[in-house]
Protein chains: 2
Amino acid sequence: MVGAGSAVVNTYPLASYTFGTKEPKMEKDTSVADRLARMKVNYMKEGMRTSVEAILLVQEHNHPHILLLQIGNTFCKLPGGRLKPGENVESALSISLFGRFCVSYFSHAYVTEIEGLKRKLTSKLGANSPGLVPDWQIGECVAILWRPNFETTMYPYCPPHITKPKECKKLFLVHLSEREYFAVPKNLKLLAVPLFELYDNVQRYGPVISTIPQQLSRFQFNMITTN
Amino acid sequence: MVGAGSAVVNTYPLASYTFGTKEPKMEKDTSVADRLARMKVNYMKEGMRTSVEAILLVQEHNHPHILLLQIGNTFCKLPGGRLKPGENVESALSISLFGRFCVSYFSHAYVTEIEGLKRKLTSKLGANSPGLVPDWQIGECVAILWRPNFETTMYPYCPPHITKPKECKKLFLVHLSEREYFAVPKNLKLLAVPLFELYDNVQRYGPVISTIPQQLSRFQFNMITTN
């Protein structure tokens with residue numbers, strides 16, 4: 001366990017990254033009600049929804065900032081999204097039963113989540129030219145959230161007596177290299193928001209993003225200054 | 001990195017633990033103003049205060065509960081406390097300079113924090129008879145909080161432009177065995193509070209304890225039922 005308390009994350013200046021644009025990525029739903037209705041339909045077909053989101057860190061003025069995608073004038077979200085049925089735990093398990101290697105339930109599920117998050121990040125922020133897409137380094141899982149019902153509320157635990165949660169969402173730290181090129185869909189804005197702006201700001205960022213500073217507090221940030 | 005997302009914590013039923021009492025442990029200060037004044041005096045003598053607190057987990061009704069010490073009728077705190085000057089980073093470093101082994105700054109500081117937390121746990125919850133004191137298994141650091149000024153507010157990051165924070169507090173998960181004996185000071189009550197009661201309940205538990213559910217969300221709880 002020695003050393004477990006001092007995970008170090010390198011963060012590079014926002015100015016060392018390059019931002020371009022690409023074709024719009026439209027939201028699938030135009031309202032919260034539509035979104036919850038689509039969730040219900042998918043649940044009937046595929047069971048519990050599994051989603052993965054990324055915390056991408058940069059630094060400015062020696063303070064960590066998080067990259068958020070802004071839709072319209074107010075709503076912000078982390079890059080990521082829903083895993084395909086082929087990327088979830090159940091599929092991974094059935095593959096492992098017929099595969100050549102005996103893999104543990106959790107490590108296999110973890111690998112498929114990682115691959116799924118890489119796919120989502122490339123879809124949301126990767127250039128159309130594969131050579132320019134970042135080599136996404138998916139790091140620590142920092143939070144897991146549960147949706148007990150077809151409602152907007154999610155909890156950082158599966159509430160007691162809920163045997164069939166409707167969604168499980170995992171947040172992962174993604175370790176960026178010193179230089180990257182991000183292609184931002186034209187209908188979205190990519191913002192670098194400081195931790196002190198997110199903290200205790202549930203009104204503006206919602207209950208998940210506003211508690212990211214707490215989730216990251218155990219990390220030691222190595223703020224690298226480049227020229 | 002594979003597996004980093006699925007840390008497993010065994011939790012045992014509250015009923016498998018035994019609780020006794022011991023002599024009172026009085027608070028050093030009778031008011032918040034006294035506490036901040038004492039903090040200032042200690043800062044002048046010893047520099048930044050370092051404190052460590054423990055998250056002790058049990059389970060009831062298949063849901064994780066945290067052990068909190070209640071003082072009077074309302075105020076709750078985690079077991080733990082201030083490290084002695086001999087347990088902080090600076091002392092550890094000066095020892096290592098003259099010691100036989102070359103140890104890294106962080107791993108050495110970490111070891112002294114762990115020993116300091118064990119000492120605090122024994123003082124707060126250990127029996128007077130050493131053979132009955134739990135063999136405290138200090139696990140993952142789950143949060144680090146900073147006090148920028150001699151005020152009650154702490155943040156999950158060191159705010160920008162603060163070069164001399166007044167306190168750094170670390171929260172560690174402590175892995176309990178299946179059976180333990182806790183001796184609770186007579187002036188305190190030991191409560192097992194479910195995560196769902198802490199969540200989003202800043203009014204009752206304050207900003208640190210009320211966000212413990214988020215800090216723990218990445219762990220998978222293995223709820224063990226014993227007879």
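Quick note: numbers below take in every heavy atom, side chains included, and nothing from hydrogens, waters or symmetry partners. Note on naming: letters A, B, ... go to the chains in the order of the sequence lines (proteins, then strands), and numbering restarts at 1 for each one.
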Q) So do the side chains of H61(A) and P160(B) get within less than 4.5 Å of each other, counting heavy atoms only? A) no
First locate atom [atom1] of [X], then atom [atom2] of [Y], and finally report the distance between them rounded to the nearest 0.5 Å.
{"X": "Q214(A)", "Y": "S210(B)", "atom1": "CD", "atom2": "OG", "result": "8.5 Å"}
{"X": "S217(B)", "Y": "Q215(A)", "atom1": "OG", "atom2": "CD", "result": "5.0 Å"}
{"X": "I144(B)", "Y": "Q220(A)", "atom1": "CD1", "atom2": "CD", "result": "8.0 Å"}
{"X": "D200(B)", "Y": "T153(A)", "atom1": "CG", "atom2": "OG1", "result": "10.0 Å"}
{"X": "H161(B)", "Y": "H63(A)", "atom1": "NE2", "atom2": "NE2", "result": "9.5 Å"}
{"X": "C158(B)", "Y": "L195(A)", "atom1": "SG", "atom2": "CG", "result": "12.0 Å"}

**Q.** Contact winner vs chain B - Y155(A), F196(A), F221(A), W146(A), heavy-atom pairs under 4.5 Å
**A.** F196(A)
Q | chain A interface, residue from V208(B), I114(B), V142(B) that has the most non-hydrogen pairs under 4.5 Å | A | V142(B)
Q.
Tell me which of these, P159(B), P213(B), P156(B), has more heavy-atom pairs under 4.5 Å with chain A than the rest.
A. P156(B)
Q: Counting only heavy atoms closer than 4.5 Å, note whether Y157(B) contacts chain A via side chain, backbone, both or neither.
A: side chain
